[in-house]
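Keep in mind it's a predicted model, so treat the numbers as computed, not measured.
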Amino acid sequence: MKNKIIADMFDEMASMLSIDETASSRFEVNAYKKAALTLATLQEPIEEVYANGGIEALMGLPGVGKGLAGKIEEFLKTGRIEKYDLLKKKYPIDFKSLTLIEGLGPKKIVALYRALGVKDLESLKKAIESHKIRSLPGFGEKSEDVLRKGMELLSTSKGRMLLGDALPVAESIVKKLLESGMVEKAMIAGSTRRMRETVGDLDILAISKRGKEVMDFFSSIDDVESIIVKGDTKTTVWLNIGLSCDLRVIKPESFGAALQYFTGNKEHNIKVRKIAIKKGYKLNEYGIFDKRGKILPFTGEESIYKKLDMQYMPPEMREDRGEVELSLEHKIPKLIELSDIRGDLHTHTKETDGANTIEEMADAAMALKREYFATTNHTKSLRIARGMNENQFREFFKHVDKLNDALQGRIKILKGAEMDILKDGSLDLDESLLKEMDCVLGAVHSAFNMNEEEMTNRIIKALDSGRIHILAHPTGRVINGREAYPLNLEKVLEAAERNNVIMEINAFPNRLDLSDTNIMLASKYKVLFSIGTDAHRTSHMQFMRYGVGTARRGWLQKKRIVNALPLTDLQKLFSR
DNA sequence: GCCGTTTTCGGCCCGACTGTTTTCAGTCG
């Protein structure tokens, strides 16, 4: 797949063109950036797009016209882009690494290159250490400092952080702001509000008349390690968890517009703004304005969309994946909500690698108002997790039966397993035991190094056994950990469809597997979904919200989520 | 360089903050 290579080349060309006199305008630079983004987020290999539809298909991609389609074609045919090579000859600079440094853009990079020969992180480091930057025109002592800090930050930064790590911190900061008594309202915005699986920074909005004081308070809370920028309306700090956090103080009448503006991703916002312009308005983070520049009296986020004749859509959808068009047609689906969830079909106990007893898990589930949950311990092949054999499961289930009796229907514990799908696609437990179980998850935990065909066939064989209710964490990816195993998901989905196998949306924060985009793919098939927490301790049962968020990002409705069903309906479904 | 319900020219999202300036350029989101 050459998408990323070409996207990076276009991004670099944008950097070079932004300081090169041969560029026709800054809009040409933007065109390269836009096309780079299209390529970087394209799901299908660009070489396939080209093979199937030629240059016309390339020109069908957003932001790709005749010129850039020609350059993509040139690269696919020759492995080179002449214009790229020409520019690169002029600017032999590693823009990709250097632009990662906060405060360093193309113009400053080229200024440093021309004056000091800075062309990569290594030579930038030397230039900083030799204190030559401070005497350059346009630079000073402070900018040298900023670059030094930027380099340090880059080397210690862990990149994007798991939503599951970032959201609780964001919530605690909002709480502190509210408790300070200085703000009337505070809310999380940005990718955290969209429940994106990882976040690059936190965005928090607050209403207050005392901007300066709020910023003083914010920059002194104990989560803050250092202050990056500080103004009366916007302050950015570096948090001790290794993430930056923006706080914006907004006037009450602008809060809805600000929330709208700082929630959608960039592409969503640009589309919405363009719709505003077409209707004769101007939309920015302060409000919606008429032709004479007068602010219209809309305070809520919903009323902004309404004024544009758009249907309100949940934050999780605002990724420019077709929701703007649906909204204009007033066809936004009603998405699954956390309150729709009645049970949890993926949990472990201390009998294998869990931390808590089944009694403790039941108490935790009841505290969360679950009507049922499945206990699904690992099976014997997974030795590292002390997987259980048939006899151990039978003993454990006797205990579960007694507990169910004692609970007197306050909650129902379903007897299940997270059974290994072995290397050859066979199952890790006897059929007779599987028949006794309420809920069988199938999962791959070993031999990840197969090729795509082998792995696909392995899983299909297991699904065709007819003994698996749910395929757990279907792609095996671990966010910031390991790639998904090679898999033809479409073929697996076909097998799931014909065997009535439910696809799991694993809610564990570093899994979220299926992912949002894979859910969108899967929802085109006649399959149902189960959102399971994979809880290994009682507190993990609260991960459900991340699974629900991911399902919402995949536009799923309640009717497709099996653990939103009442118990009797679920049992009917499982007994099929 | 892209794009079209003001279509093949003339627009292209828009404002805050910082540092180095003395009115603004560069960068970011």
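Nearest-nucleotide assignment on DNA chain B puts the 5′-proximal partner with A:K234, out of A:K234 and A:T99. Ranked by how close their nearest DNA chain B nucleotide is to the 5' end, A:L100 and A:V146 are led by A:V146.
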Protein-nucleic acid N or O pairs under 3.5 Å, nucleotides 21-25 of chain B:
none

Could you run down the sub-3.5 Å N/O contacts of the protein with nucleotides 12-15 of chain B?
{"unit_1": "B:dC13", "atom_1": "O2", "unit_2": "A:R273", "atom_2": "NH1", "d": "2.5"}
{"unit_1": "B:dC14", "atom_1": "O4'", "unit_2": "A:R273", "atom_2": "NH1", "d": "2.6"}
{"unit_1": "B:dG15", "atom_1": "OP1", "unit_2": "A:K282", "atom_2": "NZ", "d": "3.1"}
{"unit_1": "B:dG15", "atom_1": "OP1", "unit_2": "A:N284", "atom_2": "ND2", "d": "3.4"}
{"unit_1": "B:dG15", "atom_1": "O3'", "unit_2": "A:Y286", "atom_2": "OH", "d": "3.3"}

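To the nearest angstrom, C1' of B:dT20 lies 11 Å from NZ of A:K142. The CD-P distance, from A:E74 to B:dG1, rounds to 12 Å in whole Å. Counting to the nearest Å, the C1' atom of B:dG4 and the NZ atom of A:K278 are 8 Å from each other. At whole-Å resolution of the value, CD in A:E141 and C1' in B:dT18 are 16 Å apart. We find that CD of A:E28 is positioned 18 Å from P of B:dG11, with the value rounded to whole Å. For the pair A:I55 CD1 and B:dC2 P, the computed distance is 10 Å after rounding to whole Å. The CG atom of A:L247 sits 14 Å away from the C1' atom of B:dA16 (whole-angstrom rounding). The interatomic distance linking A:K251 (NZ) with B:dA16 (P) rounds to 10 Å, in whole Å.
Non-hydrogen atoms lying under 4.0 Å from DNA chain B are contributed by nothing in residues 212-221 of chain A. Near DNA chain B, defined here as any heavy-atom distance below 4.0 Å, there are no residues from residues 302-330 of chain A.
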Decide yes or no on side chain to side chain contact (heavy atoms under 4.5 Å, CB included) for A:M195 and A:T550, but give the supporting numbers first.
CA-CA 7 Å; A:M195 297 294 277; A:T550 303; over 6 Å; no
Let's go through A:F218 and A:C245 carefully: what are the C-alpha distance in whole Å and the side-chain angles of both, what is the deciding distance for side chain to side chain contact (heavy atoms under 4.5 Å, CB included) to 0.1 Å, and is it a yes or a no?
CA-CA 10 Å; A:F218 172 63; A:C245 176; 3.7 Å; yes
Residues A:T263, A:R318; criterion side chain to side chain contact (heavy atoms under 4.5 Å, CB included); working and verdict
CA-CA 8 Å; A:T263 296; A:R318 301 183 206 168; 3.7 Å; yes
Could you give me the CA-CA distance, side-chain angles and deciding distance for A:E73 and A:K77, then say whether salt bridge (charged side-chain N to carboxylate O under 4.0 Å, His left out) is met?
CA-CA 6 Å; A:E73 181 180 50; A:K77 280 186 174 165; 3.7 Å; yes
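Legend: residues meeting side-chain contact (heavy atoms from CB on, under 4.5 Å) with A:A484, ordered by chain and number and at least two apart, are A:T475, A:R477. With sequence neighbours excluded, no residue forms a ring-ring contact (aromatic ring centres under 6.0 Å, His included) with A:F95.
A distance of 4.5 Å separates CD1 of A:I109 from CG of A:L104, quoted to the nearest 0.5 Å.
Here B:dG11 sits opposite B:dC2 as a Watson-Crick or G-U wobble pair (both hydrogen-bonding atom distances under 3.5 Å).
Between the side chains of A:T236 and A:D246, a donor-acceptor pair is found at a separation under 3.5 Å.
Taking 4.5 Å as the limit, some side-chain heavy atom of A:L37 sits within range of a side-chain heavy atom of A:E267. You'll find the side chain of A:K279 reaches within 4.5 Å of the side chain of A:D309, heavy atoms only. At a threshold of 4.5 Å between non-hydrogen side-chain atoms, the residues A:D11 and A:K33 count as touching. The shortest distance between side-chain heavy atoms of A:L58 and A:V49 falls below 4.5 Å.
When distances run from any side-chain atom of A:K108 to the nucleotides B:dT27, B:dG1, B:dC17, the shortest one goes to B:dT27. Relative to the side chain of A:L68, the nucleotides B:dA16, B:dG1, B:dG29 differ in distance, and B:dG1 lies closest.
One finds no side-chain N or O of A:S143 lying less than 4.0 angstrom from the OP1 or OP2 phosphate oxygen of B:dT18. Note on A:K34: every side-chain N or O is 4.0 Å or more away from OP1 and OP2 of B:dC3.
Within the nucleic acid shown, A:L104 comes within 4.0 Å of sugar-phosphate atoms alone, with no base atom in reach, counting heavy atoms only. Nucleic acid contact for A:K71: sugar-phosphate only, since backbone atoms but no base atoms lie under 4.0 Å from a heavy atom of the residue. Backbone-only engagement by A:D232 is indicated by non-hydrogen atom pairs under 4.0 Å involving sugar-phosphate atoms exclusively. Counting any heavy atom pair closer than 4.0 Å across all strands shown, A:I19 reaches no nucleic acid atom.
Glycosidic conformation at B:dT7 (O4'-C1'-N9-C4 for purines, O4'-C1'-N1-C2 for pyrimidines): syn, within 90° of 0.
More than 12 heavy atoms of other residues, nucleotides or ligands shown are found within 6.0 angstrom of CD on A:E225.
In terms of modelled atom types and a separation under 3.5 Å, the side chain of A:N240 and the main chain of A:D222 share a donor-acceptor contact.
When each of A:E316, A:E337, A:E171 is paired with A:R545, the salt bridge (Lys or Arg N to Asp or Glu O under 4.0 Å) condition holds for A:E171 and for no other.
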